[in-house]
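Single-structure report; data block below.
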Amino acid sequence: MSKTLKTILQRGLKSSSNATAKGKRGEGFAALVFLAPSFAGISLFFLAPFVDTVRRSFFDALGIKFIGLDGYVSVLKNNAFRLAAANTAKFVAVCIPALLAASLGIALLVRGIRPWGKVFKTSYLLPMAVPVASIVLLWQALFHKHGLANTVLARFGVLPVDFMGTSAAFWVLIFTYLWKNTGYDMVLWLAGLDGISQNLYEAAKVDGANAWQIFVNITMPGLASTTGLVAILSLLNGFKVFREAYLVAGSYPHDSIYLLQHLFNNWYQNLDISRLCAAAAMLCAVLLAIILLVLRFFTEEV
Amino acid sequence: MKEKKILGFPYKFIPKAIMLAVVALLVWWVVWFMLIGSLMSLEELEATIGPALAGIEGDATWPILPAWPTLQPVVELLLDTPQFFVMFWNTFKLVVPSILGQLLVGAPAAWALSRLKFKGRKALLTIYIALMLMPFQVSMVPNFLVIDKLGLMDTLWAVVLPFAFSAYPVFIMVKGFDAVPKALLEAAAIDGASHFRIFISIGLPLGMPGILSALVLGFLECWSAIEQPMTFFKDPSLWPLSLYLPQIVAEKLGLAMAASLFMLAPAMLVFLFGQKYLELGIQSAGLKE
C-alpha cells in the first residue's frame with residue numbers, strides 16, 4: 001500500500017510541477033518573484049523619487065507653495081548654470097567627435113595587425129581600470145605651472161602654460177577624457193567591425209577597390225548603427241569627467257571647466273532643492289531627447 | 001609569394017605597430033610613473049616633482065629609473081599611518097556589499113527579463129535601459145530625497161543601496177543570459193524542473209560570463225566612486241580612499257605616492273584577470289535588442 005501511495009504522490013508532484021513549468025501563469029508568477037527585489041529597489045531609489053523630483057521642481061524649496069515654472073526660469077537665468085551648461089555642451093561637442101575618430105582609427109589599426117593587436121588592445125583598455133584618485137597626483141605633477149608638461153614643452157622652446165589657471169584647463173580635461181575612454185570605444189568599434197561580413201571585403205578586393213574605397217563603401221555603412229551607440233555611450237561617459245576636473249582642480253576650478261556637477265554640488269551644499277530638481281528634470285529630458293534622436297538617425301540610415 | 005617576417009612578425013605590420021606603440025606610450029608611461037614613484041625616497045620625489053606639488057623652486061623633472069630605489073614610503077604608509085587602513089577598509093565596506101547586492105538582486109531580475117515570458121517584459125527592459133543611461137547628475141537629487149527621508153545620510157547604506165540596485169549590471173547580465181538556448185530550458189521544464197531550479201542549475205552556470213562581466217565592471221565603478229560618497233558622506237570618517245587621497249597629496253608627497261599605488265593595484269589586478277569579461281561587458285551595451 002505504501003508503494004502505491006508513493007507512486008501516486010510522485011505522479012502528482014510530477015504533473016503539478018509540469019503544469020507550473022508549462023503554464024503561462026506559472027512563468028508569470030516566477031518572473032514576478034525573480035524581479036520583485038530589483039524592481040522594488042529601483043522604484044524606491046530611482047523611479048519614485050524621480051517623480052517626486054519632477055513634482056518638487058514646480059514647488060518652492062519647502063515643497064509647499066506651487067511656483068509653476070518659476071524654478072525652471074530661475075535655473076535658466078542663473079549665470080552659473082549657463083556657464084556650466086555651455087561648458088558641458090562645448091565639452092561634448094569637442095570630445096565626442098574626437099573620441100569617435102581616435103578610437104575608430106585605433107580599432108582599425110589593431111585589427112590591421114591581427115593577431116598581434118592584443119597587447120595594444122590591453123594597453124588602451126587599461127586606463128578604464130585606473131581609478132581617477134590614484135592618478136590625481138600624477139596629473140597635478142604634469143599640469144602644474146612648474147610641472148612636467150611644461151618642462152617638456154620648454155625643451156621645444158614653448159613658453160610655460162598655466163594649464164589649470166587658464167582656459168587650457170579645458171584642453172587638459174579633453175585630453176584626460178580621450179586618454180580614459182579610447183579603449184572603451186575601441187572595444188565597441190571592434191565588435192561592430194566583426195559584424196561586417198568578410199565576403200564584402202573579399203568581393204571588393206577582387207574588384208580592385210583600394211583601401212579608402214573599401215573604408216567608405218563597406219566599413220562606414222557597416223558601422224552606421226554602431227556609431228549611434230558609441231556616440232550615446234561616449235556622451236554618458238562624458239558626464240563622468242567631473243571626477244577628473246574635481247580631483248585635479250577642486251570645487252572651484254577655472255571657469256572653462258566649471259561643469260554641471262560642480263554647480264549641482266554647490267546648490268546641494270546650499271540645499272537649493274527646487275533649483276536642483278528643476279535642473280535634474282531638464283537634464284534628464286535633454287538626454288532622453290538626444291538619445292532618441294541619435295538612435296533614430298543612425299538606425300534609419302542602415 | 002612569401003611574406004617577409006622578423007621573428008614571425010610581418011614587415012608590412014611595422015608602420016601600424018609603431019603608430020599604435022606611440023599612442024600606447026601614453027598609457028605605459030603612466031603605469032611606469034606610478035610604479036617607480038612609489039619606490040622613490042621622499043627627498044628624490046621632492047627634488048623631481050616637488051616644484052609642481054610641494055611649492056619648491058624650479059621645474060619638475062622625472063627620471064626613467066629612481067636613483068635610490070627604496071620601500072621607505074610604502075613601509076611608512078603601512079606601519080605608521082593608521083588612517084590609511086581606515087580609508088582602505090572604508091573602501092571595502094562600500095565595494096563588497098554593493099557588488100554582492102548587484103549580483104544577488106540583479107541576477108534573478110536579469111534572468112526573468114531575458115528568459116521568462118510575461119506581460120510587460122519589453123516595457124520593463126526599456127525602463128532598465130533608460131535608467132542605465134542616466135548619469136549621476138540626474139539620479140543625484142532623487143537619491144538624496146529618498147536617502148534623506150529614510151534617515152540614511154552619513155551611513156554606508158546611502159552609497160551601497162543605490163549602487164546595489166543600479167540598472168547597468170542587470171542589463172549586462174540580461175545580455176549574458178540571452179545566450180542561454182531556450183530549447184535547453186524547455187527540455188528541463190519537461191523533465192519537471194521548477195523555474196527556480198532551472199535558473200540555479202542552467203541559468204547561472206551558462207550565464208556566468210555575463211555575471212562576471214557585471215562583477216568586473218561593478219567593481220571598477222565602485223572602487224573609484226567619487227561623486228556618491230562625496231554627496232552622501234558628510235562625515236569624513238566614512239570616506240573611502242578615493243576621496244581621501246587627493247587631500248593628502250600636498251602635505252605628504254611620499255605617502256600620497258605610495259597610497260596611490262595601493263589604490264591602483266586592486267583595480268589593475270581585477271583588470272588583468274578580468275579583461276576578457278570587461279570587454280564582454282562593454283560589448284554587451286553595443287549589441288542591439
Side-chain angles (χ1 to χ4, degrees), chain A residues 14 17-18 21-22 27-28 30-31 34-35 37-38 41-42 44-46 49-50 52-53 109 112-113 116 120 122-123 126-127 129-138 140-141 144 146-148 150-151 179 184 187-188 191 226 229 233 236 239 243 247 260-261 264 276-277 280 283-284 291, chain B residues 13 16-17 19-20 24 26-27 33 49 51-53 59-62 105-106 108-109 111-112 116-118 131 133-135 137-143 145-146 161-162 165 167 170 189 192 194-195 220 223-224 226 242 245-246 249 256-257 260 263-264 267-268 271 275 279 282-283 285-286:
Chain A
K14 211 168 194 175
S17 62
N18 258 351
K22 277 182 189 163
E27 197 158 334
F34 278 23
L35 270 163
S38 171
I42 65 166
L44 179 64
F45 281 94
F46 301 100
F50 187 73
D52 193 32
T53 302
L109 285 174
I113 62 165
W116 280 276
F120 292 113
T122 305
S123 307
L126 199 108
V130 173
V132 185
S134 69
I135 51 163
V136 166
L137 191 146
L138 167 59
Q140 289 179 353
H144 189 268
H146 299 289
L148 293 167
N150 274 329
T151 309
W179 184 81
Y184 183 93
V187 170
L188 291 168
T226 310
L229 282 160
L233 293 167
L236 300 165
F239 279 89
R243 286 180 190 172
L247 291 177
L260 280 175
Q261 183 70 43
F264 281 28
L276 265 178
C277 289
L283 182 61
C284 178
I291 290 168
Chain B
F13 283 179
K16 285 179 183 172
M19 279 193 270
L20 286 170
L26 292 172
V27 177
F33 177 97
I49 51 174
L53 296 176
D59 286 315
T61 55
W62 193 254
V105 174
W111 178 253
L116 295 179
K117 259 188 270 157
F118 60 95
L131 276 179
L133 291 176
M134 287 300 137
Q137 284 86 342
V138 170
S139 57
M140 171 181 171
V141 189
N143 280 346
L145 292 174
V146 175
L161 288 176
F165 291 118
V170 177
S194 67
H195 284 293
L220 294 178
W223 183 257
S224 53
I226 284 176
S242 53
L245 252 178
V249 168
M257 196 75 230
S260 297
M263 172 99 221
L264 181 66
M268 283 295 100
F271 172 75
Q275 191 194 344
E279 285 178 31
I282 296 172
Q283 278 168 17

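Chain identifiers are assigned alphabetically (A, B, ...) following the order of the sequence lines, protein sequences preceding nucleic acid strands; residue numbering begins at 1 within each chain. Everything numeric in this text was worked out from a predicted model, so none of it was measured.
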Among [options], who wins on heavy-atom pairs under 4.5 Å with chain B?
{"options": "A:G147, A:A141, A:P127, A:A280", "answer": "A:A141"}
{"options": "A:T53, A:L138, A:L276", "answer": "A:L138"}
{"options": "A:T151, A:T226, A:I113, A:I291", "answer": "A:I113"}

Query raised in the report: B:M134 and A:L283: side-chain contact (heavy atoms from CB on, under 4.5 Å), yes or no, with the steps?
Result: CA-CA 9 Å; B:M134 287 300 137; A:L283 182 61; over 6 Å; no
For [X], is it the side chain, the backbone, both or neither that has a heavy atom under 4.5 Å from a heavy atom of chain A?
{"X": "B:L220", "answer": "side chain"}
{"X": "B:L131", "answer": "side chain"}
{"X": "B:Q275", "answer": "side chain"}
{"X": "B:W223", "answer": "side chain"}

Heavy-atom check, side chain of [X] versus side chain of [Y], under 4.5 Å:
{"X": "B:V141", "Y": "A:F50", "result": "no"}
{"X": "B:S224", "Y": "A:R243", "result": "yes"}
{"X": "A:L44", "Y": "B:F165", "result": "no"}
{"X": "B:N143", "Y": "A:P49", "result": "no"}
{"X": "A:L35", "Y": "B:F118", "result": "yes"}

**Report entry** A:F264 and B:M140: CA distance, side-chain angles, deciding distance, side-chain contact (heavy atoms from CB on, under 4.5 Å) verdict
**Finding:** CA-CA 9 Å; A:F264 281 28; B:M140 171 181 171; 4.1 Å; yes
Query raised in the report: Tell me, side chain or backbone of A:Y184 under 4.5 Å from chain B's heavy atoms, or both, or neither?
Result: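 Both backbone and side chain.
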Specify the closest pair of heavy atoms between [X] and [Y], including all atoms of both residues, with the distance to one decimal.
{"X": "A:G112", "Y": "B:K16", "result": "CA-NZ, 3.9 Å"}
{"X": "A:F46", "Y": "B:P162", "result": "CZ-O, 3.7 Å"}
{"X": "A:S38", "Y": "B:V105", "result": "CA-CG1, 3.2 Å"}
{"X": "B:M268", "Y": "A:V130", "result": "CE-CG2, 3.7 Å"}
{"X": "B:A24", "Y": "A:F120", "result": "CB-CD2, 4.1 Å"}

**Report entry** Pick from B:V170, B:L133, B:L161, B:I49 with the largest number of heavy-atom pairs that fall under 4.5 Å of chain A
**Finding:**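 The answer is B:L133.
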**Report entry** Contact winner vs chain A - B:S139, B:A17, B:A267, B:S260, heavy-atom pairs under 4.5 Å
**Finding:**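 Highest number of pairs under 4.5 Å: B:S260.
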Query - Donor-acceptor contact below 3.5 Å, side chain A:E27 vs main chain B:K117 - result: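 Flag set: sc A:E27 to bb B:K117 pair under 3.5 Å.
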Requested in this report: Kindly say whether B:L26 contributes a backbone atom to a donor-acceptor pair with the side chain of A:W179 at under 3.5 angstrom?
Outcome: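 Yes, because the side chain of A:W179 sits within donor-acceptor range (under 3.5 Å) of the backbone of B:L26.
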Query raised in the report: What distance do B:M257 atom CE and A:L137 atom CG have between them, rounded to the nearest 0.5 Å?
Result: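 Output value for this atom pair is 5.5 Å.
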Query raised in the report: Can you check side-chain contact (heavy atoms from CB on, under 4.5 Å) on A:I135 and B:F33, steps first, answer last?
Result: CA-CA 10 Å; A:I135 51 163; B:F33 177 97; over 6 Å; no
Report task. May I have the step-by-step check of side-chain contact (heavy atoms from CB on, under 4.5 Å) for B:L145 and A:F45, ending in yes or no? Result -> CA-CA 9 Å; B:L145 292 174; A:F45 281 94; over 6 Å; no
